[in-house]
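Inspection log for the structure reproduced underneath, given as structure tokens.
Note that the numbering runs from 1 along the sequence shown for the chain. Just so we're clear, the structure is a prediction, and the values are computed from it rather than from any experiment.
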Amino acid sequence: QVQLVESGGGLVQAGGSLKLSCALSSGHTFSNYAMGWFRQAPGKEREFVASISWNGDNAYYTDSVKGRCTISRANAESTVYLQMNSVKSEDTAVYYCAARSENNYAASIVYTKADEYEYWGQGTQVTVSS
């Protein structure tokens with residue numbers, strides 16, 4: 001069974017940095033999956049943050065985090081990361097990691113819609129204080 005476990009959330013001051021991690025459970029080949037980060041703020045719908053292709057060659061970001069966040073992956077460690085810099089109060093949300101089985105290894109596809117992902121983590125809270 002595929003499981004994703006996020007970590008690294010917490011309380012951070014505005015302007016500070018935070019690095020989220022998401023590990024895939026053992027017994028699965030991490031490079032078989034494209035990965036994404038989503039977030040959900042109180043009273044709002046879940047929204048896309050960033051995604052990365054199965055091989056790490058391609059990444060995509062929502063406009064509100066471009067230039068401030070970096071998604072990366074370490075396939076040997078079965079882990080995807082989201083480095084968040086210059087955080088703002090509007091970054092406060094529960095952050096979810098998601099995985100999607102890739103079946104086109106000839107391309108470096110990124111996925112931005114929640115319904116394109118098969119597996120989800122339990123979420124990690126990020127709170128930005130002003």
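For the pair Ser51 and Tyr117, the tightest heavy-atom approach, listed with the atom from each and the gap, is CB-OH, 3.4 Å. Here the closest non-hydrogen pair linking Ile52 and Ser72 is CD1-CA, 3.8 Å.
For the side-chain contact (heavy atoms from CB on, under 4.5 Å) with Arg39, the qualifying choice from Thr124, Asp91, Val126 is Asp91, the only one to do so.
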> Can you check side-chain contact (heavy atoms from CB on, under 4.5 Å) on Gln83 and Ser17, steps first, answer last?
Replying inline: CA-CA 7 Å; Gln83 176 70 46; Ser17 297; 3.9 Å; yes
Applying side chain to side chain donor-acceptor pair (under 3.5 Å), run through Thr62 and Glu47 and close with a yes or a no. CA-CA 9 Å; Thr62 192; Glu47 65 170 354; 5.5 Å; no
Evaluation steps, ring pair (Phe, Tyr, Trp, His ring centres under 6.0 Å), between Phe48 and Phe38
CA-CA 4 Å; Phe48 167 78; Phe38 290 75; 5.7 Å; yes
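Taken from CG in Asp57 to OG in Ser108, the straight-line distance is 4.5 Å, to the nearest 0.5 Å. The distance from the CG atom of Asn55 to the OH atom of Tyr105 is 10.5 Å, given to the nearest 0.5 Å. With rounding to the nearest 0.5 angstrom, the CD atom of Gln13 is 13.0 Å from the OG atom of Ser89. Residue Leu18 holds its CG atom at 10.0 Å from OG1 of Thr127, rounded to the nearest 0.5 Å.
Taking the side chain as every heavy atom from C-beta outward, Tyr95 and Glu6 never approach each other to under 4.5 Å. Residues Tyr119 and Met35 have side chains not in contact (no heavy-atom distance under 4.5 Å, counting atoms from C-beta outward). Residues Leu4 and Leu24 are in side-chain contact: their nearest non-hydrogen atoms beyond the backbone lie under 4.5 Å apart. Proximity of Ser64 to Glu90: side-chain heavy atoms (C-beta onward) are nowhere separated by under 4.5 Å.
Atom CZ of Phe30 has more than 12 neighbouring heavy atoms from other residues, nucleotides or ligands inside a 6.0 Å radius. Shown here is Lys44, whose NZ atom has no more than 12 heavy atoms of other residues, nucleotides or ligands within 6.0 Å.
By the 6.0 Å and 45° rule, Arg100 does not stack over the aromatic ring of Trp54.
With ring centers used as reference points, Tyr96 lies 6.0 Å or more from Trp37.
In terms of hydrophobic clustering, with Ile, Leu, Val, Met, Phe, Trp and Tyr side chains grouped at heavy-atom distances under 4.5 Å, Val87 and Tyr61 are assigned to a common cluster. In the hydrophobic cluster analysis, where Ile, Leu, Val, Met, Phe, Trp and Tyr join through side-chain heavy atoms closer than 4.5 angstrom, Val12 is grouped together with Ile71.
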